[in-house]
Every structure is written in structure tokens, then in C-alpha cells.
There are 2 protein chains.
Amino acid sequence: MASDHTRSAILAAAERLYADRGFGDVTLRDIVAEAGVNLAAVNYHFGSKDELIAELFVTRSIATNRERLRELKAAEEEGGGRAPIEVILRALVGPTLRGCLGPENQRSTAARFMIRASIESVPPIRRIKNREIDHLRKFAGAMRRSLPDRSDVDVYWGLNFALAMAHHTIRESERLTKLSEGKCDLDDVEDVVARVVSVATMALTAGRTEQKAPSKVAAR
Amino acid sequence: MASDHTRSAILAAAERLYADRGFGDVTLRDIVAEAGVNLAAVNYHFGSKDELIAELFVTRSIATNRERLRELKAAEEEGGGRAPIEVILRALVGPTLRGCLGPENQRSTAARFMIRASIESVPPIRRIKNREIDHLRKFAGAMRRSLPDRSDVDVYWGLNFALAMAHHTIRESERLTKLSEGKCDLDDVEDVVARVVSVATMALTAGRTEQKAPSKVAAR
DNA sequence: TTGCAATTCAAACAGTTGTATGAAACTATC
DNA sequence: GATAGTTTCATACAACTGTTTGAATTGCAA
């Protein structure tokens with residue numbers, strides 16, 4: 001195993017190049033040139049180009065998911081198995097938004113790579129994203145426990161819309177900045193999180209009795 | 001010009017193949033084989049592969065945009081230059097959702113092509129989407145007129161969230177169906193439109209005076 | 001029919017791609 | 001310091017890509 005020098009040089013170079021130029025026009029030769037290693041090193045250490053991309057994405061992605069679950073678990077434990085919907089939603093979209101937006105993150109290689117991965121959708125990344133459903137089910141479960149009066153359908157739609165706002169804002173952050181002529185401050189991540197959580201909460205609680213003090217305990 | 005037979009055969013074959021297999025692994029040779037024409041015909045009639053893709057996307061895209069503007073204009077004229085925010089939002093997301101979702105559209109080639117174009121993002125399509133900002137500005141303007149009390153920033157965020165919910169639902173419709181075990185009915189397009197419009201409206205009107213009966217008529 | 005332009009065609013081009021190979025260099029163990 | 005295992009390297013491979021070429025064919029007007 002030795003020093004891992006070549007291996008991590010490839011990972012770093014690949015992440016930087018993909019972040020800068022996208023998956024479409026970065027070749028293995030570009031990567032090994034940037035990393036200062038031999039062409040065959042990629043296949044030796046990773047097996048194939050797709051597995052290299054997959055490893056890059058998986059690394060960042062499990063970090064985000066772990067943080068999401070950590071926040072979710074903390075919230076549910078504090079509330080005795082039932083967390084306020086705002087906190088659940090914040091655990092869902094917060095880590096993702098914080099990982100991609102913000103003044104310092106915006107320029108970090110990892111952040112720009114994840115934005116790329118969210119815009120362009122190459123096969124190895126798509127395969128990984130498809131496995132994310134089980135992860136989302138945990139949030140759907142927590143949301144159901146938080147809003148027992150709400151129908152499953154409404155909960156799923158709320159989850160869908162929350163993810164929609166978070167991911168779309170990341171993906172189209174440049175366009176929103178241009179459209180609003182800089183008036184929408186995407187560097188203020190916590191403001192963005194608050195907006196998404198606020199709207200998603202309204203989507204999930206509108207037209208029902210106030211969750212904080214449920215008056216209808218009839219059918220549960 | 002003659003019969004356009006070859007030209008339209010290429011367009012139809014390309015749209016079908018891209019819809020089925022995505023942009024990533026469909027070559028010009030696949031397209032001309034499906035269309036039953038010669039390989040050189042693509043470059044003869046379209047100039048390049050990218051221009052073929054661009055023409056496919058532009059055709060469907062201007063149809064949607066025209067319908068959006070038609071609905072917007074009709075709404076504003078009826079309201080004497082100021083339309084209810086719900087109607088504006090419906091004009092914004094309705095045509096897009098109707099074009100991609102629904103039981104019959106879902107399987108139409110055109111619909112599946114547009115879903116593909118929304119998932120994978122190839123350069124020629126991205127270039128066209130970037131020109132869409134001027135189009136969105138018209139909706140931002142209408143929304144500002146509809147909600148004069150609302151700050152520009154809030155309006156832009158509302159517009160952003162409305163598009164987010166519509167596009168994400170289209171893009172991830174399969175995942176939502178799987179996650180909800182079929183409970184979320186994406187074939188009922190009008191229900192989806194209503195949900196998106198409803199949430200976006202809440203996002204734009206929450207914490208303010210009711211729009212239907214504005215009490216502050218100070219300016220104007 | 002003749003002539004001319006538009007279209008189609010087979011074939012080749014020029015370049016790029018990810019991957020495989022086998023020898024060379026290195027590293028650590030005994 | 002010889003040896004076995006790991007890692008690096010230059011190079012070749014094989015296949016695929018969009019595009020071009022120039023000749024053949026077609027269709028229409030004179």
C-alpha cells in the first residue's frame with residue numbers, strides 16, 4: 001500500500017478537473033497530466049475511469065449523508081422519537097446546501113465538484129444516486145412520525161419539494177444570481193436554508209391544525 | 001428543398017433514440033441506422049451533431065415557452081395589467097409539467113426527450129437554456145406587479161422555488177414514484193400543477209397581508 | 001432530352017478514447 | 001544483499017467518434 005501518493009494525487013487532480021471543466025471533456029490523459037503520474041496508474045489503482053468517478057462522488061456523498069443522519073438522530077432523540085418538522089427538514093437540506101453554497105465553499109474544489117455532479121449526470125454517479133432511496137426513507141419515516149395527521153402522500157410531496165428547492169438552488173445558483181442581478185445572496189447559506197425549510201414546512205402544514213398543539217386526536 | 005423526407009426522418013429517429021437511451025450513448029451512426037439514411041446526411045442537413053440536438057430541443061422548448069407567455073398575457077390582460085399570483089405561477093409551471101408528465105405524454109417521444117434533456121445536460125442544450133433568462137424576466141416582472149408589497153428578493157426566490165419544484169418533479173418523477181411506492185400519482189398532472197402552484201403561492205404570500213383584499217393601497 | 005442543382009451515398013479521414021501489456025524501477029523482508 | 005511483491009512506466013492496442021470528400025444519383029426546369 002505504501003504511501004498512497006499516486007492514488008491521492010489522481011483523486012485530487014480528477015476532482016479539480018471535473019469541477020472546473022465538467023465530466024464531458026476531461027480525459028484520463030488530462031487527469032494523469034495534472035497529477036503528474038502515468039496513464040496506466042488510473043486503471044491500476046481504480047480499475048476503470050468510472051470507478052474513479054464513483055469513488056470521488058461516494059466519498060463526498062457519504063459525508064453529507066452521515067451529517068444528515070446525525071442531525072436527524074439528534075433531533076429525534078431530543079424530542080423522544082418525534083422531532084419538529086422544521087428540524088427534520090433542516091437536517092435534510094442543511095448539509096447539502098452548506099456543502100455546496102457559501103463564500104468559501106463555493107470556491108472549494110469539493111463543493112464545485114458536487115455542483116458539477118448535480119448538473120451533469122454521468123452513469124457511475126447516477127448509479128450511486130439511485131441507491132439513495134433507502135436513505136430518504138429514513139427522513140420520510142421521521143416526517144411521518146412528526147406529522148401523524150398528515151397523509152403519506154402529502155409527506156412524500158413535501159419531501160420531494162424540499163429536495164427540489166435545495167438541489168435546484170444549488171444547480172441553478174448562477175442563473176438565480178444573474179436573474180436577480182445579484183439581489184439574491186447565495187453566499188448567505190443559512191438564509192437559503194431558512195428559506196427552503198420555511199417553504200417546505202408551509203407545504204407540509206398548510207390547511208391543517210397547528211402541529212405544536214394538535215387539537216384533533218380523534219382518529220390519531 | 002424537395003420533400004424534407006430525410007431531414008424529418010433524422011429528427012424523428014434522433015428524438016426517439018435520445019429519449020430512450022440518453023445523449024451519452026447514441027452516436028450519429030445509431031441515428032442514421034434508425035432513420036434509414038446515410039451517415040453524411042446529418043452533416044448535410046444540420047451541419048453538425050450539436051446543431052441537430054439544438055434543433056430538437058429548440059423546437060419543443062419554444063412551443064412550451066409560447067404557451068407559457070400566452071397564458072401569462074391572457075391573465076394579465078384580464079386583470080388589467082395585474083394578474084393573481086396563482087395564475088401567473090400556473091402559467092409558469094403548467095405548460096412544462098403538462099408537456100412532460102401525464103399518462104399519455106409520459107410515453108410520448110417528445111415528452112421523454114424533454115425529460116432526458118432535463119436530466120442530462122449536454123453543451124448545445126445548456127447553451128439554449130442559458131438564453132431562457134430573458135423569458136423568465138417577463139414572469140418576474142408579472143410577479144412583481146402582482147405582489148407590489150413584496151420585495152424583489154422574495155419574488156426571485158419564489159420564482160426560483162416554483163421552477164425548482166416543477167423541474168425536480170419532472171426529473172425525479174421515477175424516484176418519487178418508487179419512494180412513495182406508487183402513492184404519489186404523477187399521472188394526475190393537474191394535481192401536480194395545483195400542488196406546485198399552491199406551495200409556491202404560500203412561499204410568496206406568507207407573512208404578508210392577504211393579496212385578494214389588499215388593505216394597503218398607499219402607493220398606486 | 002439536356003443540363004444543372006440538390007441530394008444521397010460509400011468510403012475514408014483524422015483524431016480521440018479507455019484499456020491492456022510487459023518490462024523496468026522501487027520497496028521491504030529475510 | 002538477494003528476493004518477492006508492489007508500483008510505475010512507455011507504448012501499443014483496438015475501437016469508436018464526428019466529419020469530410022468526391023463520385024453517383026435523383027428531380028426538376030428549359
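Proteins come first, then strands; the chains are lettered A, B, ... in the order of their sequence lines, and each starts at number 1. Below, all heavy atoms of this structure are taken into account, side chains as well, without hydrogens, waters or symmetry copies.
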Original post:
Between B:E120 and A:R126, is there a salt bridge with N-O shorter than 4.0 Å?
Top reply: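 Salt bridge between A:R126 and B:E120, a charged N being under 4.0 Å from a carboxylate O: yes.
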Length of the [atom1]-[atom2] vector between [X] and [N], whole Å:
{"X": "A:D50", "N": "C:dT19", "atom1": "CG", "atom2": "C1'", "value": "12 Å"}
{"X": "B:I10", "N": "C:dT7", "atom1": "CD1", "atom2": "P", "value": "12 Å"}
{"X": "B:L39", "N": "D:dT20", "atom1": "CG", "atom2": "P", "value": "12 Å"}
{"X": "A:K49", "N": "C:dA20", "atom1": "NZ", "atom2": "C1'", "value": "17 Å"}
{"X": "A:H45", "N": "D:dT6", "atom1": "NE2", "atom2": "P", "value": "13 Å"}
{"X": "B:D25", "N": "D:dT17", "atom1": "CG", "atom2": "C1'", "value": "13 Å"}
{"X": "A:H5", "N": "C:dA25", "atom1": "NE2", "atom2": "C1'", "value": "16 Å"}

Select one nucleotide: of [options], the one nearest the side-chain heavy atoms of [X].
{"X": "A:T27", "options": "C:dT17, C:dT19, D:dC16", "answer": "C:dT17"}
{"X": "A:Y44", "options": "C:dA6, D:dT7, C:dT17", "answer": "D:dT7"}
{"X": "B:A40", "options": "C:dA20, D:dT20, C:dA6", "answer": "D:dT20"}
{"X": "A:N38", "options": "D:dC9, D:dT17, D:dA12", "answer": "D:dC9"}

Subject >> A:R144 versus A:Y156, side-chain donor and acceptor atoms under 3.5 Å >> reply: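 Yes - a donor-acceptor pair under 3.5 Å links their side chains.
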**OP:** Would you confirm whether B:S180, through its side chain, and B:L176, through its main-chain N or O, come within 3.5 Å as a donor-acceptor pair?
**Re:**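 Pair found, side chain donor or acceptor close to backbone of B:L176.
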**OP:** Tell me whether the OP1 or OP2 atom of C:dG18 has a side-chain N or O from A:N43 closer than 4.0 Å.
**Re:**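 No, outside the criterion.
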Subject >> Distance test, side-chain N/O of B:T6 to OP1/OP2 of C:dT8, below 4.0 Å >> reply: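 Answer yes for this pair, as a side-chain N or O of B:T6 is under 4.0 Å from OP1 or OP2.
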Original post:
Between A:D30 and A:G47, which has a closest nucleotide on DNA chain C that is more 5'?
Top reply: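 Taking each residue's closest nucleotide, the earlier one in sequence belongs to A:D30.
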**OP:** For a side-chain contact (heavy atoms from CB on, under 4.5 Å) with B:R68, tell me which candidate from B:K73, B:R90, B:K138, B:H135 qualifies.
**Re:**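 Exactly one candidate clears the test, B:H135.
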